[in-house]
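Only one structure is covered here, and it is reproduced in the block below.
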Amino acid sequence: MVASGRITEEEAARLRASVGTPEFDVAIGEVRARHAGAHMEGAIRVGEMSQEEADSYLERLRKGEHPKGLRARLAKHRPQKH
């Protein structure tokens, strides 16, 4: 995942060090929030999501929730692969 750019070296080290502990879920939540946050910026910029909505989604992701419909809502704000 590091080689593909999905997680950083630091995130990978934190995940490896926390396997089997509650900290692992916290680390995963932060990675998910970072990924979603990057796409939320575009949604906020074009008025499809408020900053308050984005903040709420990010907090839920950090807590381990998987907000229904969030991935689909952000799909068009992902960078296009060539």
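- Every side-chain contact (heavy atoms from CB on, under 4.5 Å) that Arg71 has, sequence neighbours left out, goes to Arg78.
- Listed here is the closest heavy atom pair of Ala33 and Leu58: O-CD2, 3.2 Å.
- Using a 4.5 Å heavy-atom threshold, the side chains of Glu11 and Arg6 count as separate.
- For Ala12, the side-chain contact (heavy atoms from CB on, under 4.5 Å) criterion is met by Val2, Ile7, Arg16, not counting sequence neighbours.
- Judged by distance alone, with hydrogens and angles left aside, the side-chain atoms of His39 form no donor-acceptor pair with the main-chain N or O of Arg73 at under 3.5 Å.
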Would you give me the side-chain donor-acceptor pairs under 3.5 Å for residues 21-32, sequence neighbours excluded?
unit_1 : atom_1 : unit_2 : atom_2 : d
Thr21  : OG1    : Ser18  : O      : 2.7
Thr21  : OG1    : Glu23  : N      : 3.3
Glu23  : OE2    : Arg14  : NE     : 2.8
Glu23  : OE2    : Arg14  : NH2    : 2.3
Glu30  : OE1    : Arg14  : NH1    : 2.5
Arg32  : NH1    : His66  : NE2    : 3.4

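- By the side chain to side chain donor-acceptor pair (under 3.5 Å) test, Asp55 pairs with Gln51, sequence neighbours left out.
- Clustering ILVMFWY residues whenever any of their side-chain heavy atoms sit less than 4.5 angstrom apart, transitively, puts Val19 in the very cluster that holds Leu15.
- Glu48 meets the salt bridge (charged side-chain N to carboxylate O under 4.0 Å, His left out) test with Lys76; sequence neighbours excluded.
- Residues forming a side-chain contact (heavy atoms from CB on, under 4.5 Å) with Ser50 (at least two apart in sequence, or on another chain): Glu52, Glu53.
- Taking every heavy atom of both residues into account, Ala43 and Leu74 meet most closely at CB-CD2, 4.2 Å.
- Summarising the geometry of Val46 relative to His77, their closest heavy-atom pair is CG2-CE1, 3.7 Å, with the distance given to 0.1 Å.
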